[in-house]
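Structure, as structure tokens:
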Number of protein chains: 2
Amino acid sequence: MTDKKLLITQTALRLFINKGIHAVGINEIIKTADVAKKTLYHHFATKEQLIIATLDYRDMLFITWMQAHMESKETAHQSITALFHALDDWFNGRAEQLGEFHGCFFINASAEYKQADCPINQRCRAHKQKVREIVASFAKQITADKRQIDFIADSICILKEGAITSALVQHDLSAGVKAIPLVEMLINSVYQNKKGNT
Amino acid sequence: MTDKKLLITQTALRLFINKGIHAVGINEIIKTADVAKKTLYHHFATKEQLIIATLDYRDMLFITWMQAHMESKETAHQSITALFHALDDWFNGRAEQLGEFHGCFFINASAEYKQADCPINQRCRAHKQKVREIVASFAKQITADKRQIDFIADSICILKEGAITSALVQHDLSAGVKAIPLVEMLINSVYQNKKGNT
DNA sequence: CCCAAAGTAGACAAGTCAGTCTACCACTAT
DNA sequence: ATAGTGGTAGACTGACTTGTCTACTTTGGG
């Protein structure tokens, strides 16, 4: 990745996040990044290819950020709770790596590109699958029951998407911490279930 | 509302839902609705006014649908659970009034129009506020504690948005029913809290 | 009956869109 | 030294964007 290619990707990502994808044109991107149009088209064949590059870049940023906040906790329970404290940081502008909060880039991209066979939509789906797998890896430390692991992963993903969406649409910046009591109930219920089965 | 005005609103709404707002032009709308361009601009001064009309129309449809599925249940608990069964119907194409599922129109519109002072964004926020108030009206039948009412309303909204978003992005059409165990835990915890306080 | 409102088709203006291309410059590795 | 790569500015194409306008027809209520 050349300096210019990275600069274009980062600039496009920031503009897409701030204004939406359709709302940002190639001319605005090159003007903001202060590069020639030929340079952009030297690195990216089409606008769609650039969008995909921004999705891949954001995926890398987000997954790194998420793992950094969940790892090295004493228990898996704490790791999962930490995710929602991290969301709270993000919503309230305390997540430097992710920048200002304008909703989840992948949810927003899915809203603009809905066709299931569209590569943009597929990247969004793949990102959410990655997130789910990280949550599931912590769930495995809580229970060995596969159905319970799926239950935790699905539930946490629903709570995470719900908090992000509420923060975006309702402008409820405390949605991250509001989800935590539900997370606690969920994890406790899985522990209760283990006790009942032994 | 004239026949033509309604026809244009319904056609625009369907196209916006299927393809996204920015992705649909005026020319496509008038061609699909089979009306003259002058007719559209006779009823709507700008595209933005038309978008707002589709948001208002969808708000009316959704709130009516939601209330129809929640009312006339034996308990408020059942009404709230019924909301998530209704979501399951919607995701899986069994909600005629709402049409094919392409995510929540208000979430998607917020993703495309993020400026807080933009009238489109404000309508989306107002719609979610309406939904929250309906949930809160049922929560009031469960507890008199205002903090618990807020807790139920906020939690149910997070679960609802999370289920809708998971269904859209991850293509998880069972997200509605997956949220139900969390709903049950939530309501039960409020009942437990009442017992403890009496 | 008659007038105003609502409708028709479609040309048109002014701007923006993605993407191509020319002509030129700077650097670097063989 | 020279070929290849990556860079510059910006003109240009052709299609599409919202919105206006002319000229005409239909329709329904006082």
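Chain letters run A, B, ... following the sequence lines, proteins first and then strands; every chain starts at 1. The basis for the numbers below is simple: all heavy atoms, side chains too, and nothing from hydrogens, waters or symmetry mates.
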Residue list, side-chain contact (heavy atoms from CB on, under 4.5 Å) with [X], at least two apart or on another chain:
X	value
A:Ser79	A:Met70, A:Lys73, A:Phe138
B:Thr143	B:Asp145, B:Gln148, B:Ile149, B:Ile152, B:Val190, B:Lys194
B:Thr64	B:Met60
A:Ala109	A:Ile21, A:Leu55, A:Ile120, A:Cys124

> Which nucleotides of nucleotides 7-12 of chain C have their base under 4.0 Å from a protein heavy atom (B), which only their sugar-phosphate (S), and which neither (-), written as one string 5' to 3'?
Replying inline: SBB---
> What is the distance from atom CD1 of A:Ile164 to atom OG1 of B:Thr165, rounded to the nearest 0.5 Å?
Replying inline: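 Reported to 0.5 Å precision, the distance equals 8.5 Å.
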>> Just verifying a value: how many Å separate B:Gln97 CD and B:Leu61 CG, rounded to the nearest 0.5 Å?
In response: 8.5 Å
> Going through the distances and angles, do B:His77 and B:Gln141 end up as a side chain to side chain donor-acceptor pair (under 3.5 Å)?
Replying inline: CA-CA 9 Å; B:His77 181 164; B:Gln141 297 170 34; over 6 Å; no
Rounded distance (Å) that lies between atom [atom2] of [N] and atom [atom1] of [X]:
X	N	atom1	atom2	result
A:Ile8	D:dG6	CD1	P	12 Å
B:Leu6	C:dA6	CG	C1'	15 Å
B:Leu7	C:dA6	CG	C1'	14 Å
A:Lys47	D:dC16	NZ	C1'	13 Å
A:Ile30	D:dA11	CD1	C1'	12 Å

>> Among residues at least two apart in sequence or on other chains, which ones pass salt bridge (Lys or Arg N to Asp or Glu O under 4.0 Å) with B:Glu28?
In response: B:Lys19
>> Taking salt bridge (Lys or Arg N to Asp or Glu O under 4.0 Å) as the definition, give me every residue that meets it alongside B:Asp56, ordered by chain and number, with sequence neighbours left out.
In response: B:Arg123
Nucleotide N/O to protein N/O under 3.5 Å, stretch nucleotides 25-30 of chain D:
none

> Could you give the angle between the helix axes at the two ends of the helix from C:dC1-D:dG30 to C:dT30-D:dA1, with five pairs per end, rounded to 10 degrees?
Replying inline: 10°
>> Suppose the criterion is ring pair (Phe, Tyr, Trp, His ring centres under 6.0 Å): which pairs have a residue in residues 19-43 of chain B, not counting sequence neighbours?
In response: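 Counting only pairs at least two positions apart or across chains, the ring pair (Phe, Tyr, Trp, His ring centres under 6.0 Å) contacts touching residues 19-43 of chain B are B:His22-B:Tyr113.
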>> Below 30° counts as parallel, above 60° as perpendicular, anything between as tilted: where do the rings of A:Phe16 and A:Phe105 land?
In response: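 The arrangement is parallel - the two ring planes meet at less than 30°.
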> Residues from residues 11-27 of chain B sitting under 4.0 Å of DNA chain D, heavy atoms only?
Replying inline: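 Residues of residues 11-27 of chain B that come under 4.0 Å of DNA chain D are, in numerical order, B:Val24, B:Gly25, B:Ile26, B:Asn27.
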>> Quick check: do B:Lys4 and B:Leu40 have side-chain heavy atoms less than 4.5 Å from each other?
In response: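 B:Lys4 vs B:Leu40: side chains apart.
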Show me the donor-acceptor pairs within less than 3.5 Å that the side chains of residues 125-137 of chain B make with the rest of the protein, sequence neighbours left out.
| residue | atom | partner | partner atom | Å |
| --- | --- | --- | --- | --- |
| B:Arg125 | NH1 | A:His171 | ND1 | 3.2 |
| B:His127 | ND1 | B:Asp59 | OD1 | 2.6 |
| B:Lys128 | NZ | B:Glu161 | OE1 | 3.1 |
| B:Lys128 | NZ | B:Glu161 | OE2 | 3.4 |
| B:Gln129 | NE2 | B:Glu133 | OE2 | 3.3 |
| B:Lys130 | NZ | B:Asp59 | OD2 | 2.5 |
| B:Arg132 | NE | B:Asp154 | OD1 | 2.9 |
| B:Arg132 | NH2 | B:Asp150 | OD1 | 3.3 |
| B:Arg132 | NH2 | B:Asp154 | OD1 | 3.0 |
| B:Ser137 | OG | B:Ile134 | O | 2.6 |

> Given that A:Ala45 and A:Glu28 both sit by DNA chain C, which one's nearest nucleotide is further toward the 5' end?
Replying inline: A:Glu28
